[in-house]
Amino acid sequence: MPELPEVETVRRGLADTIVGRRIDRVEVGRERTVRRTSKQALIDGLTGVSIMEVQRRGKYLLAPLDSGYWMMVHLRMSGRLLVAAAGTERPPHTHVALTFGPDELWFVDPRTFGEVVVYDPERAAEEMPELAKLGVDPVVDRFDRTVLARALAGTSRPVKTVLLDQHRIAGLGNIYTDEVLHRARVRFDRPASALRPVEITRLSKAIVEVLSAAIEAGGSTLVDTQYVDVAGRTGEFQHQHLVYGRQDEGCLTCEKAVIRRSTVGGRSTFYCPRCQR
DNA sequence: AAACAAACCTGTGCGC
DNA sequence: TGCGCACAGGTTTGTT
């Protein structure tokens with residue numbers, strides 16, 4: 001579900017609510033959510049501790065704690081973080097609840113792919129090996145056509161597959177790759193290494209522009225309203241989607257062709273056969 | 001290296 | 001109404 005703009009929106013919501021505050025109670029209702037360590041490890045790692053800051057890298061939320069440890073949250077497909085008044089009825093699938101005085105932070109996740117973990121930053125290489133493998137984050141890191149060219153180099157895989165590869169670029173998911181490729185007028189199945197310099201330039205600009213606009217809009221909430229921010233508000237960027245989920249509808253860019261749906265790497269892919277070459 | 005499928009889960013929407 | 005199936009924003013793992 002959540003891609004970079006949604007995770008960034010959640011990050012900002014946490015920064016405005018629970019950062020700097022002490023956790024006085026930790027409840028874990030589902031072991032699977034803390035599978036990397038254990039229920040007791042999460043309780044011990046968070047009780048009585050303050051969250052000093054919330055950072056984001058790709059789709060990972062990383063929060064340094066005043067204990068010297070860090071908390072990592074990944075929402076995967078259906079995870080949500082919600083801040084609400086303590087005592088409010090918790091939604092179904094609330095697997096972790098942190099109490100901060102009068103407020104609570106809930107990790108809600110129907111599909112249970114998401115996870116919450118407290119780890120030792122000194123041992124991040126062993127405990128959180130995927131973090132070191134993350135590629136460039138187009139919002140946090142310097143990102144331009146040179147950086148993108150490097151990320152796309154050396155592979156003839158479809159450009160969409162490469163954009164989705166978190167080891168090369170961290171943060172793009174299925175919605176935003178399609179939106180970015182459309183705005184850059186590049187077909188999803190072009191071999192990454194075959195893009196011309198002018199196309200790489202367009203693509204790098206599209207990545208920054210789409211992600212910025214999507215963050216500005218608070219992310220995308222699809223018809224199932226799965227994604228909401230920490231206050232339960234929906235995003236609004238779905239109204240600016242030009243291709244995602246629009247198969248058989250007219251292209252809003254050329255107003256002539258019809259948006260098509262295809263599959264790449266097992267993921268639904270939406271594109272305009274006329275605009276994207 | 002790369003392409004694919006399966007796996008992890010639950011919910012929803014659709015055709016019949 | 002109910003049933004079965006396809007499909008879903010992510011990532012890892014195993015198989016050709």
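Below, chain A is the first sequence line, B the second, and so on; all start at residue 1. Everything numeric in this text was worked out from a predicted model, so none of it was measured. Reckoned from all heavy atoms, side chains included, excluding hydrogens, waters and symmetry mates.
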Presence of donor-acceptor pair under 3.5 Å, side chain of A/Arg111 and base of C/dA8:
yes
Determine: side-chain N/O of [X] to OP1/OP2 of [N], distance under 4.0 Å, yes or no.
X        : N      : value
A/Thr155 : B/dA2  : yes
A/His74  : C/dT11 : yes
A/Gln166 : C/dT11 : yes
A/Arg30  : B/dT10 : yes
A/His93  : B/dG11 : yes

Against the side chain of A/Asn174, the closest entry in C/dA8, C/dG10, B/dA3 is C/dG10
Of C/dC7, C/dT12, B/dA3, the nucleotide closest to the side chain of A/Glu130 is C/dT12
Carboxylate-amine/guanidinium contact [X] [Y], below 4.0 Å:
X        : Y        : value
A/Glu126 : A/Arg123 : yes
A/Asp229 : A/Arg12  : no
A/Arg35  : A/Glu31  : no
A/Glu127 : A/Arg36  : no
A/Arg76  : A/Asp109 : no

Between [N] atom [atom2] and [X] atom [atom1], what is the distance in whole Å?
X        : N      : atom1 : atom2 : result
A/Leu75  : C/dT11 : CG    : C1'   : 13 Å
A/Arg157 : B/dA1  : CZ    : C1'   : 9 Å
A/Arg168 : C/dG10 : CZ    : P     : 18 Å
A/Lys160 : B/dA3  : NZ    : C1'   : 16 Å
A/Glu115 : B/dC9  : CD    : C1'   : 14 Å
A/Asp165 : C/dT13 : CG    : P     : 14 Å
A/Arg35  : B/dC9  : CZ    : C1'   : 10 Å
A/Tyr176 : C/dA8  : OH    : P     : 17 Å

Considering every strand and a 4.0 Å limit on heavy-atom distances, what is the contact class for A/Ser268: base, sugar-phosphate, or nothing?
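Sugar-phosphate contact only - A/Ser268 comes under 4.0 Å of backbone atoms but never of a base.
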How is A/Arg261 classified with respect to the nucleic acid when contacts are heavy atoms under 4.0 Å: base, sugar-phosphate, or nothing?
->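 Here A/Arg261 touches the backbone only, sparing every base.
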Legend entry - A/Val223 vs A/Pro110, nearer the 5' end of DNA chain B by closest nucleotide: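 On the 5' side of the pair lies A/Pro110.
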Would you check if the side chain of [X] reaches a backbone N or O of [Y] as a donor-acceptor pair within less than 3.5 Å?
X        : Y        : result
A/Thr17  : A/Ala15  : no
A/Glu236 : A/Ser220 : no
A/Arg190 : A/Val159 : no

Using atom [atom1] of each nucleotide, how far apart are [N] and [M] to the nearest Å?
N     : M     : atom1 : result
C/dC3 : B/dC8 : P     : 25 Å
C/dA6 : B/dA5 : P     : 14 Å
C/dC5 : B/dA6 : P     : 15 Å
B/dC9 : C/dG4 : P     : 22 Å

Note to self: When you compare the ring of A/Phe113 with the six-membered ring of B/dC8's base, are the centres less than 5.5 Å apart and the planes under 30° from each other?
What the structure shows: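 Stacked: centres under 5.5 Å apart, planes under 30°.
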Stems in DNA chain C, runs of 3 or more consecutive Watson-Crick or G-U wobble pairs with both distances under 3.5 Å, sorted by first number, are B:2-8 with C:10-16, B:10-16 with C:2-8
Note: for A/Tyr60 and A/Tyr244 on DNA chain C, the residue whose nearest nucleotide lies more 5' is A/Tyr244
Using distance only, find each side-chain donor-acceptor pair of residues 43-53 of chain A under 3.5 Å and give its atom names and separation, not counting sequence neighbours.
from, atom 1, to, atom 2, distance (Å)
A/Asp44, OD1, A/Gln40, NE2, 3.0
A/Thr47, OG1, A/Ile43, O, 2.6
A/Glu53, OE2, A/Gln55, NE2, 3.2

